[in-house]
Amino acid sequence: MIPLPLWAFFVIPLALVWVASSLRQMWRYRHVPGYWGMPLVGNLLDVQNKSWHGLHAEGVARFGPVFKLWVGADPHIVVGSAEGVRQVLSRAPHRYEFPSPLAGDDREMMRDGLLFARDATLHKALRTVWAPAFHPNSLAAYHGTMLSAADRLCEVLSLVADSGKSVEIWRLMGKLTMSVIGTCSFGIDLDSFQEELALAGRLPPPAAPGTSLGQSVVTAFWVMLDNTRPEKVGTWATLFMLVPQVFKEAVRTMARVIPDSHMFAMSGSLAALRNVVYKLMAAERQRGAAEGEGAKQQAAAGPDRAAGLQPGSFLKHLLTAEDKTFGSLSDKEIMANVFTFLGAGAETTANQIAFAIYLIATNPEAEAQLLKEVDSFGRGRTPTFSDLPSLPYLEAVFSEACRLMPAAPLLFRQLEEDLTVAGTNITLPKGTKLEVSLYSVMRDPAVWKEPLQFRPERFLPDQPEWNNTNPAGHVPFGGGPRMCIGYKFAINEAKLTLLRLYQRFTFELEAGQVPLKTQTGLTQGPASGIHIKVKTRPPA
C-alpha cells in the first residue's frame, strides 16, 4: 500500500465535499436550461470575457428567458423576460449577501445599508428612515447644490474647449456626482474639480490627498470602487466566489489573516471612510449638544416629513431617526447607510450621465433635436427646479440612455419560497439565487422596436411605443418594494447637468470608441473611460 502524504488527508475530503455539493446543485436545477460551466470555475471565465450583462444577453438568446449559469460551484438562475422580471421584483424582495470575503466592520458596511440589506423587513424599515431625504421638498432644496456642481464642471470644460485636447468625461462626472452627494449628505465640500481648476490658476492648489475630510472621502471611495472592477479582483475574492457555501467562512478567515493586495486596498479604503464619517458623526453630536434642549426635543420628534431635509442634513437625520420595529440606528448601521448613499448616489449616476453624452455624440439627429429644445429653453437661462419637467426631449434622451446602457444591468435576489416563473413552466425552489437581467429585458425585441438603436423619441409622451410598452420593459432603477429610493434625485441631477452642458458645449468622441467597451463590477461602466473633445457652441 502506497502511503499518502499528509496534505492528502486534508485535500481529498475537501475535494469530495466540493464534488458532492456540485452534483447536488446540478441535480436540483437539472430542469433549468442553460450553461453547465467548467469544473471549479463555472462560467466565471465567460463573465470575464463577456461581462455579466453580455453573458446574460447571450444566454437569453440561446436558452430563453430563464436559464442557469454557474459562479464557481454556485448555480445562479437568470431571469430575462419582462413578465419574469416584473414578478421577481415584486414577489422576491430578499437578496443574498454581497459575495465578498470582507469580514468584521468591512462586511457590516456592505451588508447593513439600504442597498445590500438582505432581509426584506429590515430593508422596509430603512426605506422609511431614508424617505425624508427624497421628499419633493428635499429634492427642490438640492437643486442649488446640483446647479453649482454642474456650473463648476462647465468651468472645467471651458479650459479645454476648442483646444483639440481630449478629456475623460466619465472621470469628471464621477467628481461632479461625488460633489453633489458630499454636500447633500454631509454638508462638506469634497474639493471636486479643485485639481483641474488649480492647474489653470482659477483656484489655489488643492490640499494633499487625505489632508482634508473632503479629500479623504474622495480618495478612499475611488480606491474602493476601483477595486471592484473585474481586473482588480484579487485571489481571495475570486476563491470566495468559486467555493461551495460550506467553505466560504474558511476563505473569509484566511483572507482576513493573510490578506492579498486587493483585500489590503479594500479594507484600507473602507477604514478611511469609516474614520471620516465617525469624525463627522462626532461633530454633529457635539453641535447638537451645543444647541441645547430645544434641539434635543426637535430630534426626538423626528423629521417633519412634510418639510423634507435640507442639504447637508442627511447624516444628522440618521443620527436621530428611529423605526418603530428596529428602534434607532447604531453607529455601524449609520455608517453602512452613509456608505450606501455615497455608492448608490455617485457611481451609478456618473456612469449614466457619461453614457448619455456618449450616445448623443454618436447620434447626430438626436443631438440636433436636443439642442433645439435647449435653445428653445434659452441658452443663457438659469434653470430652476420647476423648469426641469418642461424638457421632455431631454428626459427622453436620459431615459433612452438608461434603457440602452444601464448603469445597473442586473439585480440580485434570493427566493424565500418556491416560484414558478411567469410565462414559463419552470419552478424554482426556495433558496434559489436569482440574477434579474435588466439589461436583457431593456433590449428585448419582444418589448422594443429596434432595441439596439438609440431613439429617444420612443419615450416622448405622445409616442405609442412608450404608451403600449410593458412597464417592466424599462426598469433602470429596478422595481417593486426595492426600487431605487433615490431615482428622482438621480434623474433631476442628470437632467440639470446635461442641460447646463448643452447650453454651452457639444462633444466629439475620440476615434476608436464605437462601440464603447464596458465592464460590470458593482455597476456597468466604461472599461477605459470616455474620451471627448469639447466644442463651444457658437452664439445663437
Does the gap between the ring centers of Phe134 and Tyr487 come in under 6.0 Å?
->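 When the ring centroids of Phe134 and Tyr487 are compared, they turn out to be at least 6.0 Å apart.
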
Go through the steps to decide whether Phe355 and Gln524 satisfy the test side-chain contact (heavy atoms from CB on, under 4.5 Å), and finish with yes or no.
-> CA-CA 10 Å; Phe355 284 152; Gln524 179 184 197; 4.2 Å; yes

Could you note down all residue pairs passing ring-ring contact (aromatic ring centres under 6.0 Å, His included) where residues 248-267 supplies at least one of them, sequence neighbours left out?
->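 The answer is none; no pair qualifies.
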
What pairs of residues pass the ring-ring contact (aromatic ring centres under 6.0 Å, His included) test when at least one of them lies in residues 96-130, not counting sequence neighbours?
->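 For residues 96-130: His76-Tyr96, Tyr96-Phe412, Phe98-Phe116, Trp130-Phe314, Trp130-Phe341.
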
Taking [X] for the side chain and [Y] for the main chain, is one N or O donor matched with an acceptor at less than 3.5 Å?
X      : Y      : answer
Arg256 : Leu102 : no
Trp70  : Tyr35  : yes
Gln414 : His94  : no
Thr427 : Thr420 : no
Gln352 : Met405 : yes
Arg403 : Pro451 : yes
Ser138 : Pro132 : yes
Arg443 : Leu404 : yes
His474 : Ser399 : yes
Trp236 : Ile258 : yes

Cationic N near anionic O, under 4.0 Å, Asp74 to Lys248 |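 Lys248 and Asp74: not salt-bridged.
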
With a 4.0 Å cut-off, would you call Arg86 and Glu83 a salt bridge?
->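 No, this pair does not count.
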
For the residue pair [X] and [Y], what are the closest heavy atoms and their distance?
X      : Y      : answer
Phe489 : Val180 : CZ-CG1, 3.8 Å
His53  : Thr520 : ND1-OG1, 2.7 Å
Leu273 : Ala220 : CG-CB, 3.9 Å
Val60  : Ser440 : CG2-OG, 3.8 Å
Ala117 : Leu122 : CB-CD2, 4.2 Å
Gly345 : Thr177 : O-CB, 4.1 Å

After noting the C-alpha distance and the side-chain angles of Ile77 and Leu415, does the key distance pass the side-chain contact (heavy atoms from CB on, under 4.5 Å) rule?
-> CA-CA 11 Å; Ile77 307 303; Leu415 294 181; over 6 Å; no

Would you compute the distance between atom [atom1] of [X] and atom [atom2] of [Y] and round it to the nearest 0.5 angstrom?
X      : Y      : atom1 : atom2 : result
Leu126 : Ile485 : CG    : CD1   : 9.5 Å
Leu69  : Asp46  : CG    : CG    : 9.0 Å
Lys517 : Ser51  : NZ    : OG    : 7.5 Å
Thr349 : Leu176 : OG1   : CG    : 9.5 Å
Thr523 : Arg229 : OG1   : CZ    : 8.5 Å
Leu496 : Ile491 : CG    : CD1   : 13.5 Å

Within 45° cone and under 6.0 Å: Arg24 NZ/CZ vs Trp27 ring |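 Ring-cation test returns no.
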
State, yes or no, whether a side-chain contact exists between [X] and [Y] at a heavy-atom distance under 4.5 Å.
X      : Y      : result
Thr497 : Met146 : no
Val129 : His317 : yes
Glu284 : Leu280 : no
Arg287 : Lys316 : no

side-chain contact (heavy atoms from CB on, under 4.5 Å) between Asn492 and Tyr142, worked out = CA-CA 10 Å; Asn492 289 345; Tyr142 301 146; over 6 Å; no

Which of these, Lys430, Arg118, Arg91, sits in a salt bridge (Lys or Arg N to Asp or Glu O under 4.0 Å) with Glu416?
->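 Running salt bridge (Lys or Arg N to Asp or Glu O under 4.0 Å) over Lys430, Arg118, Arg91 with Glu416 returns exactly one hit, Arg118.
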
Between the side chains of Asp106 and Ser267, does any donor sit under 3.5 Å from an acceptor?
->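 Looking only at side-chain atoms, Ser267 and Asp106 do form a donor-acceptor pair, the distance falling under 3.5 Å.
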
Taking salt bridge (Lys or Arg N to Asp or Glu O under 4.0 Å) as the test, write out the residues that go with Glu108, two or more places apart.
->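 So Glu108 forms a salt bridge (Lys or Arg N to Asp or Glu O under 4.0 Å) with Lys332.
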
Give a yes or no on whether Lys488 atom NZ has more than 12 heavy-atom contacts from other residues, nucleotides or ligands under 6.0 Å away.
->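 Result for NZ/Lys488: open.
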
For atom CE of Met483, is the number of surrounding heavy atoms from other residues, nucleotides or ligands below 6.0 Å larger than 12?
->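 Count over threshold, so yes.
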
Which word best sums up how the rings of Tyr29 and His31 line up, parallel for under 30°, tilted for 30 to 60°, or perpendicular for over 60°?
->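 Ring orientation, 0 to 90° scale: parallel.
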
